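First the structure, in the form of structure tokens, and then the observations on it.
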2 protein chains.
Amino acid sequence: MAKAIQDLYPENLSHCYGCGRNNPEGYQLKTYLVGNETRATFTPEDKYTAIPGSVYGGLIASLLDCHGTGSAAAFLCQKEGISLEVGPIPVRCVTGSLKVDFKALTPMGEELELKGVLRSIEGRKVWVDMRLSARGIVCATGEILAIRLKEE
Amino acid sequence: MAKAIQDLYPENLSHCYGCGRNNPEGYQLKTYLVGNETRATFTPEDKYTAIPGSVYGGLIASLLDCHGTGSAAAFLCQKEGISLEVGPIPVRCVTGSLKVDFKALTPMGEELELKGVLRSIEGRKVWVDMRLSARGIVCATGEILAIRLKEE
């Protein structure tokens, strides 16, 4: 069984508030590669509201940001034949650019489902297309340009 | 002296985690209109890290999101001659689309400065261009399409 990509990052690169396993105060988002797409789920606490009843956009952008960099790392590993069963992996990406389109208000109290598909890889640049859904309805789409960090 | 735009929102639309004065657990970002630009500042707590030493992108996107919708409301008020000294104002915007370009790692432990300028207003749609700086260096730029809520 493949592990979450964030559980395979090197120890010193696992403190991200959004997805680092070494940040106990953070969201600890987990991204899994399933076939040719990536998946993550997250259920926001009530405090993350925007206008009453809907999730605030900053959290949605945050989830897409971390799912995006995680997806990029997963797709790079897939391309290079790097196992996702044992870490640490020699791949970690940061965000170059993120675009979020809000399609519908994201309801509070629901499990949000994130999916990602690879658009392209060019050297250290990885483009991933994403969507965030609740109850099967797409609430937001995201496009990320993720940049692979150089190995030290 | 003009108040922060978020302190002028109607009570029932002031719970946003990013900028709502009625959300004690949130960031409570405050956006001010100064001449023809908008300004806000924010100093992230240490937990909001990405890779060590830098602020995580989700927080940067969150700040640009709330500064963007606040800026849009401020520019609408300016256009329509609505005072920013007394609330509530009959203007509240939500995010239609947000794009963030990360130009440099955003250092931890610094006051971040956000600025916004109006690109255009077309009916209920408002486009705002933003930048986020630390120590005078632009770390991220943002573009938002904000949508004015219809008055109930």
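Lettering of chains follows the sequences in order, A, B, ..., and the numbering in each one begins at 1. Note that the structure is a prediction, hence the values are computed from the model and not measured. The basis for the numbers below is simple: all heavy atoms, side chains too, and nothing from hydrogens, waters or symmetry mates.
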Requested in this report: Would you please indicate if the ring centroids of Tyr27(B) and Tyr48(B) are separated by under 6.0 Å?
Outcome: yes

**Report entry** Residue, of Thr141(B), Leu105(B), Ile147(B), Thr95(B), that accumulates the most heavy atom pairs under 4.5 Å with chain A
**Finding:** Thr95(B)

Query raised in the report: Does Asn36(B) have any side chain to side chain donor-acceptor pair (under 3.5 Å) partners at least two apart in sequence or in another chain, and if so, which?
Result: Gln78(B)

Query raised in the report: What option among Arg92(A), Lys103(A), Glu25(A), Glu143(A) has the most heavy-atom pairs under 4.5 Å with chain B?
Result: Glu25(A)

**Report entry** Criterion side chain to side chain donor-acceptor pair (under 3.5 Å) against Asp7(B), the qualifying member of Gln28(B), Lys30(B), Arg21(B)
**Finding:** Lys30(B)

Query raised in the report: Should the pair Glu111(A)-Arg135(A) be classified as a salt bridge under the 4.0 Å nitrogen-to-oxygen rule?
Result: no

**Report entry** Interface residue of largest heavy-atom contact number with chain A, from Leu64(B), Thr49(B), Asp65(B), Leu59(B), under 4.5 Å
**Finding:** Thr49(B)

Requested in this report: Can you tell which part of Tyr9(A) gets under 4.5 Å to a heavy atom of chain B, answering side chain, backbone, both or neither?
Outcome: neither

Query - Pairs of heavy atoms under 4.5 Å with chain A: top-ranked of Asp101(B), Ile51(B), Leu98(B) - result: Leu98(B)

Requested in this report: Determine whether Lys115(B) and Thr38(B) make a side-chain contact, defined as any pair of heavy atoms from C-beta on separated by less than 4.5 Å.
Outcome: no

